[in-house]
Amino acid sequence: MRAARLTGSGPTRRTVLRGLFLAGATSTAAGCVGFATTGGDGMVFLSTQFRPVAEAERFRSFLAGAVPGSVSYVTIEEGPFASQVQSQVGAGRTQVGLLGGSHSDLAPLAGKYLEDVSGVQAGQGIPEEFRALARAGTQQSWYVPWAQASFVLAAHEDAMAHLPPGADPETLTYDQLLDWAIAARQANGNRPVLGLPCGPKGLIHRFLQGYLLPSFTGGQITTFRSPEAVTAWQYLKELWANTSPSSTTYDFMQEPLQAGAVKIGWDHVARLVSAPGDEPQRWRMLSAPRGPRGLGYMAVVLGLAIPKGSTDRRQAEQVIQALSTPQAQVGLLRSNGFFPVVDAQIPADLPPALQMEAGAVQRQRDAPGSVLSLLPVGLGTREGEVTKAFKDSFQAIVLDGADIRSTLDSQARVLQKVFDDLKVPCWAPDPPSERCEVG
């Protein structure tokens with residue numbers, strides 16, 4: 001595979017940034033300049049992913065050895081990403097060749113702003129549910145699934161000793177998780193050993209959106225205030241009584257896990273990778289528990305798309321094909337911690353934490369009765385309001401002891417206002433509909 005060259009024809013990174021600025025997107029251009037400092041020349045690959053400087057540089061180094069031709073990787077935030085693609089395509093002056101983003105970034109652009117990539121040859125073994133996402137409810141494919149991340153449980157061997165009798169750690173139920181947390185607390189001098197990421201930058205809202213509520217209700221928004229949701233919140237109050245109270249300060253669970261402050265923790269795979277430290281043999285990475293409606297799990301699915309009017313569609317297709325090989329998918333796992341979506345053998349020389357996480361992610365995805373959840377789709381800058389509704393529900397019900405039913409009714413009105421304003425459909429696991437209605 002040829003390395004990416006530093007020279008080439010077509011719009012350069014500097015040209016693209018100047019175009020963004022001239023288009024009136026001052027904040028967008030500032031975001032790109034702030035993160036993309038050494039993109040080089042060549043076809044522009046505009047992406048919402050790997051924006052922090054260190055992540056961007058690691059990805060550029062990986063990209064240089066993985067794809068043909070000259071490619072300039074430019075990062076941008078999610079909101080400006082959508083507006084730039086829409087404005088460039090709408091004006092018939094597309095300045096980029098290839099797009100990278102999450103399903104949430106790309107699905108709203110399907111059809112009008114993206115080329116059909118159904119004929120692009122990608123890797124073998126991409127799950128059908130991921131391919132279905134890329135079709136966005138149509139017969140065409142608007143992006144090629146590229147990589148995935150998820151959330152799993154990490155557990156130290158000291159905690160494994162207190163699993164409920166007969167419980168299989170790979171197929172836990174939420175009731176067994178509660179029993180496990182109780183037994184481990186009692187064995188630890190009544191000090192809880194379970195931790196959750198409930199700090200200011202923690203992802204507890206993703207636990208609610210993608211794990212607890214889908215596992216108990218089968219949905220997220222359309223079942224938000226259902227009787228089953230009330231049961232889920234009652235369960236969480238019991239679980240919280242056996243959770244470390246310091247969880248309200250935990251942003252990244254790998255830190256308290258590595259320090260021994262807790263022995264069991266749930267979080268995003270990128271926020272657990274350092275937990276095993278230099279003793280990986282004493283740790284397990286486990287699938288999420290199963291509830292009455294199945295094993296709810298959230299997949300962060302990344303995709304590669306070609307904008308209408310791409311500066312070089314042929315090269316864009318070649319880059320997609322190159323990044324879809326098993327070797328490139330493993331290379332992305334090594335460089336940036338996102339897991340393959342194609343059939344790829346996980347090599348034995350990967351860091352042990354990544355190997356364990358890869359197994360847990362696959363088992364979770366392939367589990368019978370799994371319930372796939374996605375990041376919110378189509379909310380743009382108002383996603384924060386939806387996130388806040390879940391966080392406020394957690395604060396009121398679990399931390400402050402507020403009435404569950406009245407809290408859910410109140411927050412349902414907040415959510416419905418967002419959906420009434422935006423007039424967008426729901427996302428998985430909720431069923432597709434013309435407009436999302438809070439249930």
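Each residue takes its place number in the sequence, starting with 1. In what follows, every heavy atom counts, from backbone to side chain, and hydrogens, waters and symmetry copies are set aside.
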Side-chain heavy-atom pair [X], [Y] within 4.5 angstrom cut-off:
X	Y	answer
V438	F419	yes
I346	L333	yes
Q411	K391	no
H103	W427	no
V193	H156	no
L194	V262	no
C436	L415	no

Extract all donor-acceptor atom pairs below 3.5 Å that involve side chains of residues 291-309 and protein atoms in other chains or at least two apart in sequence.
residue	atom	partner	partner atom	Å
R293	NH1	T217	O	3.1

Which atom of G100 lies closest to which atom of F45, heavy atoms considered: N-CE2, 3.6 Å
Kindly write out the residues that satisfy salt bridge (charged side-chain N to carboxylate O under 4.0 Å, His left out) with R131, not counting sequence neighbours, or none if the list is empty. none
Return the set of residues passing salt bridge (charged side-chain N to carboxylate O under 4.0 Å, His left out) with E55 (not counting sequence neighbours), or none when no residue passes.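 Partners of E55 by the salt bridge (charged side-chain N to carboxylate O under 4.0 Å, His left out) criterion come out as none, since no residue qualifies.
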Residue [X] excluded, over 12 heavy atoms near [atom1] under 6.0 Å:
X	atom1	answer
R93	CZ	no
Q121	CD	no
Q124	CD	no

Here's a test for you: under ring pair (Phe, Tyr, Trp, His ring centres under 6.0 Å), which of Y235, W233, F224 qualifies with F216?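 Running ring pair (Phe, Tyr, Trp, His ring centres under 6.0 Å) over Y235, W233, F224 with F216 returns exactly one hit, Y235.
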Side-chain donor-acceptor contacts of residues 397-405 below 3.5 Å, not counting sequence neighbours, with atom names and distances?
residue	atom	partner	partner atom	Å
D400	OD1	Q395	NE2	3.2
D400	OD2	Q395	NE2	3.4
D403	OD2	R405	N	3.3
D403	OD2	S406	N	2.8
D403	OD2	S406	OG	3.1
R405	NH1	R225	O	2.7
R405	NH1	D409	OD1	3.4
R405	NH2	R225	O	3.0

Euclidean distance, L286 CG relative to T171 OG1, rounded to 0.5 Å: 10.0 Å
Sorted by chain and number, sequence neighbours left out, ring pair (Phe, Tyr, Trp, His ring centres under 6.0 Å) with W266 holds for F151, F207, Y211
Please enumerate all residues that pass ring pair (Phe, Tyr, Trp, His ring centres under 6.0 Å) together with F59, with sequence neighbours excluded.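 With neighbours one apart ignored, the set is F50, F62, Y73, W146.
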Under the criterion side chain to side chain contact (heavy atoms under 4.5 Å, CB included), I'd like the reasoning laid out for Y143 against D105: C-alpha separation, chi angles, the key distance, then a yes or no. CA-CA 11 Å; Y143 66 82; D105 301 325; over 6 Å; no
